Amino acid sequence: MQTERYTEQELFLYNCLSREKERFEPMNAPHVGMYVCGPTVYSNVHLGNVRSFLSFDIVFRYLTYLGYKVRYVRNITDVGHLTGDTDDGEDKIGKKARLENLEPMEVVQKYTNDFHDVMRVFNILPPSIEPTATGHIIEQIEMIKKILDNGYAYEANGSVYFDVTRYSKDYDYGKLSGRKIEELMSNTRELDGQDEKRNSLDFALWKNADPSHLMRWPSPWGMGFPGWHLECSVMSTKYLGDQFDIHGGGMDLKFPHHECEIAQNKGANGKEPVKYWMHGNMLTVNGRKMAKSEGNGFTPEELITGNHKLLNKGYSPMTVRFFMLQGHYASTLDFSNEALQAAEKGLAKLMNAYARLGELKPGDASQLDVDAWRQRCFDAMNDDFNTPILISVLFEGVKVTNSMLAGQQSMNAHDLELFRSTFSDFVGQVLGLHLEAEASDGNNELLDGVMQLVIELRANAKANKDWTTADKIRDELAALQVQIKDAKEGSTWEHHA
RNA sequence: GGUCUGGUGGCCGAGGGGUUAGGCAAAGGUCUGCAAAACCUUGUACAGCGGUUCGAAUCCGCUCCAGACCUCCA
């Protein structure tokens, strides 16, 4: 009934720009514009990438749950940017195309499909708009023209570079990442092939490309391709306007990518583009950042099957999702077998209660203050999307649910309705956790029937005090990873994959 | 080298000047034919050294350790 929950909840989020937690006030409530940097599709996504998109999935879900009308834009980077740090480096997608003997756009399609599959498996919602860089070459050229007209860029040999020194006379370059331009100047390494740049800090808006480059487009400056940072400025502006509410991305994009984005936007239209900047932290393995270049990333397939040297078993997508949500998005999270196993059990406990909410019957008095408990769920999320706290509050709900199922606690009808809807909303809609299908897909009906029979036979044996038969059934099932749970009203069973 | 972040009990991970995080694991109890499950109870903690304070895990300084960014990376 109450869908405009934002009118009664106060959301605070940590703004990287101000380095403070701020009250979230959208520019045009109930509309919210959110942009998140998406993947570069030249290889399979790994779990570190997944964590980042999951973090913003939570933001998207919670804002939506609060009743905001969110336009969520997440791009696909399908222009191959340079592999190395020199200008003559090969571009990633072109390189992959040569290695796999594919057309560059085949590479792009292949890994875009993979990305979408992975997002679906982890129950990460699709964005409202998913624009591609190659689909916005014209707009990128237009933005470069504006920046040139405003004097913040210069052309050199068919390439166009952003003039950071010139820009920093009018604006604060380094504001987001807390860097000082003088320090950046003195610290930047001397790299080869940068003769065209007036200053090592300058970055490319457009790169001249010879015919050996597979991905190139005509422009006023000749054949070439757009610079690394430009697409995000262009596509966020196009779909969300010159100024919008939230911009997200991984911590590793803060500098230089996001800093350059701000510079491009301001250089083009003079306005501060983003009100709230949010950065998700890294997933680590043995304390080190999971990254393609480190070679310590797991693909989702390896994770689910357990087929990786660092994994001693497979874990379901929901286990991984839950594991990640037990940490706060702004903290690093270390990936380990022990932590995954703990998460697996914790999730089973949570989801078991979630699945049995329907069995709860209203009683007389309520021992739980349901209104206060519900508000604590909101409070957790209102405090910079603190999913670990939310989960801890939900576990209190698990205890209450189990106690009620065991007849040790009660709840009146009004409270029970609120309790159920709150519990299932926060688990399902906000955290995006769902029950995972049993391993025996398609045979569930048959299996259920067979198990009912087995449980009945065992109940008969128990009634006859035939403990040998009863225990044999229980133990043999246990060997098949099927656990029998006895309760006063009868037995239930559970299959552990 | 520069900039920044973090070091919490057996493990993961919140919090963050005085009051229980939570999950997993461990111990005891209730229930049970015995178990399992569930519920109840319990323990061990804030890297080290100084300082501020009536009081610090929480603030400040130093030390040690780890990580991130400074180059493509979520």
Side-chain angles (χ1 to χ4, degrees), chain A residues 19 36-40 42-43 45-56 77 80-86 89 91-92 174 177-180 183-184 186-189 191 201 228 248-257 279-284 287-294 297 322-323 326-328 330-347 349-350 352-353 380 383 386-396 398-409 462 465-467 470-471 474-475 478 483-488 491-492 494:
Chain A
R19 288 149 201 265
V36 171
C37 293
T40 303
Y42 68 98
S43 66
V45 290
H46 62 74
L47 251 13
N49 305 115
V50 171
R51 186 188 184 203
S52 186
F53 300 123
L54 171 61
S55 298
F56 294 104
T77 298
H81 297 306
L82 304 180
T83 47
D85 45 14
T86 60
D91 87 74
K92 287 176 184 166
S177 53
R179 283 161 214 256
K180 300 267 178 287
E183 290 170 3
L184 285 168
S186 56
N187 284 330
T188 306
R189 292 184 234 164
L191 302 172
L201 282 184
W228 326 327
M251 203 76 106
D252 47 359
L253 297 180
K254 200 170 184 179
F255 188 89
H257 184 62
H279 290 98
N281 217 322
M282 300 293 108
L283 184 66
T284 60
R288 296 196 161 270
K289 175 183 171 182
M290 184 183 279
K292 285 169 185 172
S293 54
E294 295 261 347
F322 178 74
F323 162 70
Q326 276 189 303
H328 189 249
S331 302
T332 55
L333 178 65
D334 200 57
F335 198 85
S336 70
N337 282 289
E338 294 77 11
L340 259 316
Q341 274 158 26
E344 187 172 59
K345 292 190 179 178
L347 175 69
K349 190 169 164 182
L350 178 69
N352 183 50
D383 185 13
N386 199 323
T387 53
I389 295 290
L390 171 61
I391 289 171
S392 76
V393 177
L394 289 172
F395 269 106
E396 289 178 37
V398 171
K399 284 196 175 184
V400 171
T401 301
N402 287 330
S403 294
M404 287 173 73
L405 288 168
Q408 292 161 358
Q409 250 192 73
K462 282 172 73 177
K465 296 197 190 296
D466 179 2
W467 309 128
D471 290 352
R474 186 175 69 196
D475 297 343
Q483 183 188 39
I484 293 289
K485 292 181 177 181
D486 290 337
K488 286 205 173 69
S491 303
T492 55
E494 219 170 72

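This one's a predicted model, so the numbers in the text were calculated from it and none came from an experiment. The chains referred to below are lettered A, B, ... by the order of the sequence lines, with proteins before strands, and numbering in each begins at 1.
Heavy-atom minimum distance, A:Phe335 versus A:Leu47: CZ-CD2, 3.8 Å. Smallest separation of non-hydrogen atoms from A:His46 and A:Lys292: CD2-CG, 3.7 Å. Counting all heavy atoms, side chain and backbone alike, A:Arg19 lies closest to A:Ser177 at NH2-C, 3.6 Å. Contact between A:Ser491 and A:Ile484 at its shortest, heavy atoms only, is CB-CG2, 4.2 Å. Between A:Gly249 and A:Ser52, the shortest heavy-atom distance links the atoms C-OG, 4.3 Å.
The CD-P distance, from A:Glu396 to B:G22, rounds to 7 Å in whole Å. Rounded to an integer number of Å, the gap from NE2 of A:His279 to C1' of B:C4 is 13 Å. The nearest whole Å value for the distance from the CD atom in A:Gln408 to the P atom in B:U32 is 12 Å. Remark: C1' of B:C73 and CG of A:Leu253 are 7 Å apart, rounded to the nearest angstrom. Separating the CD1 atom of A:Ile484 from the C1' atom of B:U32 is a distance of 15 Å, rounded to the nearest angstrom. The distance from atom NE2 of A:His257 to atom P of B:C73 is 7 Å, rounded to the nearest whole Å. Counting to the nearest Å, the P atom of B:C69 and the CZ atom of A:Phe255 are 13 Å from each other. Rounded to an integer number of Å, the gap from NZ of A:Lys92 to C1' of B:C73 is 6 Å.
When the side-chain nitrogen and oxygen atoms of A:Lys289 are compared with OP1 and OP2 of B:G67, none of them lie within a distance under 4.0 Å. Not one side-chain nitrogen or oxygen of A:Lys254 sits closer than 4.0 Å to the OP1 or OP2 atom of B:A74. Not one side-chain nitrogen or oxygen of A:Lys180 sits closer than 4.0 Å to the OP1 or OP2 atom of B:G2.
Among B:G67, B:A74, B:A37, the nucleotide with an atom closest to any side-chain atom of A:Lys485 is B:A37. Closest approach to the A:Ala470 side chain among B:G33, B:A74, B:C39 is made by B:G33 (side chain taken as heavy atoms from C-beta onward). Nearest to the side-chain atoms of A:Asp252 among the listed nucleotides B:C70, B:A74, B:A68 stands B:A74.
The side chain to side chain donor-acceptor pair (under 3.5 Å) check on A:Lys485 picks up A:Glu494, with sequence neighbours excluded. Every salt bridge (charged side-chain N to carboxylate O under 4.0 Å, His left out) that A:Lys289 has, sequence neighbours left out, goes to A:Asp252. Qualifying side-chain contact (heavy atoms from CB on, under 4.5 Å) partners for A:Thr284, counting only residues two or more places apart in sequence or in other chains: A:Thr332, A:Asp334.
Between the CG atom in A:Leu390 and the CG atom in A:Leu394 there is a gap of 4.5 Å [rounded to 0.5 Å]. Note that CE of A:Met290 is 9.5 Å distant from CG of A:Leu333, once rounded to the nearest 0.5 Å. Once rounded to the nearest 0.5 Å, the distance linking CZ of A:Phe323 with CG of A:Leu54 reads 11.5 Å. The structure places OG1 of A:Thr401 at 10.0 Å from CG of A:Asn352, a figure rounded to the nearest 0.5 Å.
Within 4.0 Å (heavy atoms only), A:Arg474 reaches at least one base atom of the nucleic acid. Nucleic acid contact for A:Lys465: none, since no nucleic acid atom lies under 4.0 Å from a heavy atom of the residue. A:Met282 comes within contact range of at least one nucleobase, with a heavy-atom separation under 4.0 Å. Nucleic acid contact for A:Gly249: sugar-phosphate only, since backbone atoms but no base atoms lie under 4.0 Å from a heavy atom of the residue. Among the heavy atoms of the strands lying under 4.0 Å from A:Leu283 is at least one base atom, whether or not backbone atoms are also near. A:Asn49 comes within 4.0 angstrom of a nucleotide base, judged by non-hydrogen atoms across all strands.
Straight-line distance between the P atoms of B:U19 and B:C64: roughly 32 Å, to the nearest whole Å. Remark: the separation of the P atoms in B:G6 and B:G16 is 12 Å, to the nearest Å. With C1' as the reference atom, B:G55 and B:G17 are 8 Å apart, rounded to whole Å. When the P atom is used for both B:G2 and B:C73, the distance is 26 Å, rounded to whole Å. As rounded to the nearest Å, B:C54 and B:G67 have C1' atoms that lie 38 Å from one another. Straight-line distance between the P atoms of B:C60 and B:C40: roughly 39 Å, to the nearest whole Å. Rounded to a whole angstrom, the distance from the P atom of B:U58 to that of B:G48 is 10 Å. Here, B:G7 and B:U63 have their C1' atoms 14 Å apart, quoted to the whole Å.
With hydrogens and angles ignored, the 3.5 Å screen pairs no side-chain donor or acceptor of A:Asn402 with any backbone N or O of A:Lys399. With hydrogens and angles disregarded, a donor-acceptor distance shorter than 3.5 Å links the side chain of A:Asn386 to the backbone of A:Ile389.
Comparing A:Cys37 and A:Gln483 by the nucleotide of RNA chain B that holds the closest heavy atom to each, the one mapping nearer the 5' end is A:Gln483. Each of A:Ser392 and A:Lys399 was matched to the nucleotide of RNA chain B holding its nearest heavy atom; the match closer to the 5' end belongs to A:Ser392.
For A:Asn352 against B:A37, a side-chain-to-base donor-acceptor contact under 3.5 Å is absent.
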Nucleotide pairing, RNA chain B (Watson-Crick or G-U, distances under 3.5 Å), in dot-bracket with [ ] and |: (((((((..(((.....[...))).(((((.......)))))....(((((..]....))))))))))))....
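Side-chain contact check for A:Leu340 versus A:Asn337: every heavy-atom pair is 4.5 Å or farther apart.
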At a cut-off of 3.5 Å, list every protein nitrogen or oxygen paired with a nitrogen or oxygen from nucleotides 9-15 of chain B, distance to 0.1 Å.
unit_1, atom_1, unit_2, atom_2, d
B:G13, OP1, A:Asp334, N, 3.0
B:G13, O2', A:Gln326, O, 3.1
B:A14, OP1, A:His328, N, 2.7
B:A14, OP1, A:Ser331, OG, 3.4
B:A14, O3', A:Asn386, ND2, 3.4
B:G15, OP1, A:Asn386, ND2, 3.0

Contact letters for nucleotides 42-48 of chain B, in which S counts primed atoms plus P, OP1 and OP2 and B counts the base, heavy atoms under 4.0 Å: -------
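Using a 5.5 Å limit on the distance between ring centres and a 30° limit on the angle between planes, the aromatic ring of A:Phe395 does not count as stacked on the six-membered base ring of B:G23.
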